[in-house]
Each structure stands twice: as C-alpha cells, then as structure tokens.
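One structure below.
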Amino acid sequence: MPQEPELLAQRRANMEALARLGVDLYPHEFARTHTVDELVGTFGARSRDELELERIEATTAGRILAIRSFGKAIFLVISDGRSRLQVYLRQDSLPERDFQVARLLDLGDFVGASGRLFRTRTDEFTLWGSSLTFLAKCLVPLPEKWHGLQDIEIRYRQRYLDLIVNPDSRRVFEARSATLAALRAFLDARGYLEVETPMMQVLAGGALARPFVTHHFALDMKLYLRIAPELYLKRLLVGGLERVYEINRNFRNEGISTQHNPEFTMLEFYQSYSNYLELMDMTEQMLSEVAVKVTGGEEVGFCGHRLSFRPPYRRLAMRPAVCEEASRRLGRPVEERECRDLKAARALARALGVPIEPAMGPGKITAEIFEALWEPQLIQPTFVYDFPTEVSPLSKQRPDDPDTVERFELYAGGFELANAFSELNDPAEQRRRFEQQLRQREGGDEEAHQMDEDYILALEHGMPPAGGEGIGVDRLVMVLTDSRSIRDVILFPLMRPRKE
RNA sequence: GGGCCGGUAGCUCAGGGGUAGAGCAGCAGACUUUUAAUCUGCGGGCCGUGGGUUCGAUUCCCACCCGGCUCACCA
C-alpha cells in the first residue's frame, strides 16, 4: 500500500481538522457584495484617508495565492482570477472559530471574507477581515508563486494550473474571446447570418486534406469529421441566404506543429454578388477593426516584428511574384510561361532546389515554388492572389485566363491566415474540376477532392455569383497575442495520453 | 516519420561512476500592518521506464515512453 505523499497528507490533515471544527468543507454558495476585481477596480485607487472616512464594508471571495502568518495576525492574498486582494486577519478582529479556520488554510483553498477596506502602513490596499468563510479545499499543492508554471507540458495538459498561476495565459484566452466577438460584430453589422452546418459529413469536402473517419451505428455508415464547412455554406447561398458565416471547428488528420492542431477553429463567410477583390478590401477592414478591438491598435508585436494591420496590405500576384524572386535568385529573367508549362516548371523547380513530385502539374509546382521562395518573408500582412486553377478546384476562373482562378491567400507573420476566392458556380465546370481531382487521387494524391454529386446538384439549382473566405481563427489569435505556438491559444491542445 | 534538445523534491532549477543539492512551497516554534515577510529547527526523492557495462549507475551505453524545437504534410 503506497503511502500518501507527505504534502497531500498534510493538506488532508488540515481539512480533517476543519471538519472537526464543524466547518462545512464544500458549502453550496457564498454571497459576495463585490468580486475581487470589482473591489480593486472601484476602490483600489482610494487614499488611506478616503478609505478611513468612507468605511467601505465588503464581502468577497477567491482562491488563496499567498499566506503570510504572524501568529496572531495573518495576511492572505486572494484572487478571483482577474485581480488580487490582500486580506488582513487578526485574532482580535475575528470570531474565535474564524481565526482557527484561518490557521488551517492552505495555499489554493477558496475562502470568502467580509470586512472593511483600508490601507496598511506599507500602503497596500487591503480588506480588514471581520469574518472568514471556508469555501473549498485545494488538496494538491499549486506551482510556485515566483517562477509560475514553466513546464510547457503541464501547462497544456493541466491548463487550469497554467490559468491559476500564469496571468499572461489568461490574457491570451481573453484576447481569443475578444477576437471571436469582434469577428462576429463585424459580420453581424454587415447583415451576415451566423449558421451551423454539419461537422459530421458523408463526404469530407471543401478543402484538400486527410479527414478523420468515424462510423454511425444506427445508419451503419461511414462518416467523416469535416475538414471544412465550405460546400454546405455554399448550399445556403443556393437557398437564398445571401450572407452567411460559420465559426466552428475543422478536423484534419495531418501532422501537429506550432501552426497545426488536428482540430482548429475556422471562420468561413460567404457573400452573394461579391468577388475576391471585394473580399480583399473587406478583409483589410475586418482585421484592422479586430486588431484595434483586441489589442488597442492596428500594430501588433509578433515574434520580434511589428505587424501593421492598417490597410492597404501589400498585394502579390502569384506567378509574377514567383518570376520576380526566381529571376533574382537565378540571375536571369524568368518568364511567366515557365510557370504554365510542365517541363519548364519542373526545370525551374529543379534550378531553385524546390522538391516536387512527379504527379504535380505546372500549377502545383508554381504554388510549391511560391511557398518555398516567399512564405517565410511574408511577415507584414500580404495578399497573394491569382492562383493556378490546378490547385483550386472550387474557385472561379479569371474570364481572360482559364489557367488562373480568382483566389487569394492572406499571409502574416510568415504563415497563411486566410484563403478566399470568387466561388465557382458553374455546375458543369465544377464537375470537370472534381474529375480532374479524381485523376490526381488515382495518381496517389490522398488529399485530392472527392466527387460530390450532391453539391453539383445544388449548383444546378443556381448559385448566385459570390465570394467566400476562410480565416484560421487560432492563427489570427496567435498573431494578435504574440504566441509562438498554436497550442498557446488553444485551451486544451491535443496531447498523447500519459501512460498509466 | 527524420534531426536536435530535454525529463532530478509539489514548483523553479543546479549537479554528477561511490550516503542526492539549492530557492520557493511544506511541517514545528517565535512574531498583531506583512507583501518573494523575517528568524530558528525539521521533514520531503523509483534522479522518466526497462535492459546493459561495472565491485557499484541517478550519472556511461542501448531501447522505449513523454515533451519541446525543427524538417516533411497541411491551415
């Protein structure tokens, strides 16, 4: 029989001593007149004389983060998660039992206290306790007060500990909430309808990625967790909902990295009678507004850079950008037709040292070259537009150039934040694109798009011209909170379970 | 999946082939305005797991587990 670790046994002993005093260890409620944050916010700036004059009585509660005991007097620091407040307990100011309770407290316990606000000799804003109520026991020792919780694995696995001791972590998730609210406010103000579409789909479409597979017993059918909501949102355009958006989780069965979590939050919005050029302007307005609401300004610090979300953003057409950078690196003029011809594109990739697969066509090769040459240097918000049709099975072609689609991606901080295009609404062309994807799938590309007859049927009923966009919300929050890893902006990122 | 780095007390971290170290936290005592409280004393460890080398391994070697960064795939 393993012995209970000493630190846990000591806390349990304190709890049992409280029980012997007749203390309710887990009372059902506690009525506060103020939260700690309200007390600090409302009265924390009052001078000592003002507090003496006003004699403000208050009842508040929180978790104990520090105990400084002087025998017949005890200072507690309690927190409501937002702010911290010192509570002064002295034997001659409290009922006898309350002081006995105070002596049995451990760091991390929850308590409530009533008393009068004052300032100590050292000018600390403090509640002079006249009663103390035990509210909940913390049976496990918390991380240290001074260094906080550094172990990144525990921060992710036991996020509650991170939130208790690392105020910066809490701020990140407050900023995340503010980001979602700001995105919704922006779209709501423009007449968008927020909708929810299936997360479990018969066919995982709308993006190019490997899906998670599950099974429904009653219907005895295979189901996929969605990799994107796109094709359902566009069915709603067919249904006459002219402006729709969805903020929800996507699931992709791919690698995990500082920029990838298997489940991640995506905003997708679609606007009838719009196109990718309008969406660029709208994206600039949206991100500017969101940045101001979340961080207080259009400029944000990210990984040592100052990113400016003040419009307009730089705009780079993909093939000309590839030619420009390739010319610079190769020391000879590279022409756009080299990006459109398979043999020339292969040669170009080889010359630039960009790895490619035999099955890739010139469009895919061009996109690969672009990412290799440009992505790391796209720190300031930048629109990359006019993608090869080959890599964009759901986008509408340019009227003057069928090899190019009206599509852009927004880069910031060195990675992709958004993807948008004029939506392909011609069912016959959509069928041809799916068929092209099927050929790529047969060529070994697991992520090529599947044929979706039901979606084509929807298009056959007529979809108005429209623009649509997806924004990686986690990545946006990363940029707005200067977080290096996507795991820092997801409360419970996926971790391999611990053994035993 | 490949490469590099890490895992030692509740937390933050040193250390190193021969009894395991510090600070904070904890326990006992003193102290009725402290605030990283202070002072005195005391506990606390499967040194990630399993093998191997060795008289002896927490230390060296191998494998594995968990994590971080990075590359590849992707958003």
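As the structure is a computational prediction, the values presented were derived from the model and not from experiment. Each chain gets a letter, A, B and so on, in the order its sequence line appears, and its residues count up from 1.
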Spacing of [X] atom [atom1] relative to [N] atom [atom2], expressed in whole Å:
X	N	atom1	atom2	result
A:R119	B:U33	CZ	P	18 Å
A:I67	B:U38	CD1	C1'	17 Å
A:D488	B:G68	CG	P	10 Å
A:I164	B:A25	CD1	P	18 Å
A:L142	B:G10	CG	C1'	9 Å
A:Q259	B:G68	CD	C1'	15 Å
A:E254	B:A72	CD	P	15 Å
A:L494	B:C66	CG	P	12 Å

Mind checking whether A:F118 and A:Y88 have parallel, tilted or perpendicular rings, split at 30° and 60°?
tilted
Is the ring pair A:Y313/A:F309 parallel, tilted or perpendicular, if the boundaries are 30 and 60 degrees?
perpendicular
Touch class at under 4.0 angstrom, heavy-atom based, for [X] against every strand present:
X	result
A:S69	base
A:E416	sugar-phosphate
A:G148	sugar-phosphate
A:M266	nothing
A:F118	base
A:E409	nothing
A:G472	nothing
A:I154	sugar-phosphate
A:N253	nothing
A:L417	nothing
A:D474	nothing
A:R90	base

Nearest-nucleotide pick for [X], side chain only, options being [options]:
X	options	value
A:S485	B:C69, B:U34, B:A25	B:C69
A:Q150	B:U34, B:C13, B:G68	B:C13
A:E124	B:U12, B:G68, B:U34	B:U34
A:E153	B:U12, B:G67, B:C69	B:G67
A:H147	B:U32, B:U12, B:A75	B:U12
A:R121	B:A25, B:C27, B:U34	B:U34
A:R157	B:U12, B:C66, B:G43	B:C66
A:L7	B:G68, B:A25, B:C73	B:A25
A:P143	B:G68, B:C11, B:A75	B:C11
A:E6	B:G44, B:U34, B:C11	B:G44

Go ahead and name the base partner of [N]; Watson-Crick or wobble counts if both distances stay under 3.5 Å, otherwise write none.
N	value
B:G17	none
B:G6	B:C66
B:G45	none

Classify the side-chain pair A:S114/A:T59 by whether it contains a donor and acceptor separated by less than 3.5 Å.
yes
Kindly state whether the ring of A:F408 and the ring of A:F383 have centres lying under 6.0 angstrom apart.
yes
Within the modelled atom types, does a donor on one side and an acceptor on the other bring the side chain of [X] and the base of [N] under 3.5 Å apart?
X	N	value
A:R68	B:U34	yes
A:E144	B:G23	yes
A:Q86	B:U34	yes

Compare the aromatic ring of A:F264 with the six-membered base ring of B:A75 and state whether they stack according to the 5.5 Å and 30° rule.
yes
According to the 5.5 Å centroid and 30° plane-angle thresholds, does A:F75 stack upon the nucleobase of B:U34?
yes
Is the shortest heavy-atom distance from the side chain of A:R487 to the side chain of A:I256 under 4.5 Å?
yes
Are A:V213 and A:L223 side-chain neighbours, meaning at least one heavy-atom pair lies under 4.5 Å?
no
Check the phosphate of B:C73 against A:S257, side-chain N and O only, distance under 4.0 Å to OP1 or OP2. Yes or no?
no
Would you indicate, yes or no, if B:C66 has its OP1 or OP2 atom less than 4.0 angstrom from a side-chain nitrogen or oxygen of A:R496?
yes
Does the cation-pi check pass for A:R119 over A:F125, that is, NZ or CZ under 6.0 Å from the six-membered ring centre and within 45° of its axis?
no
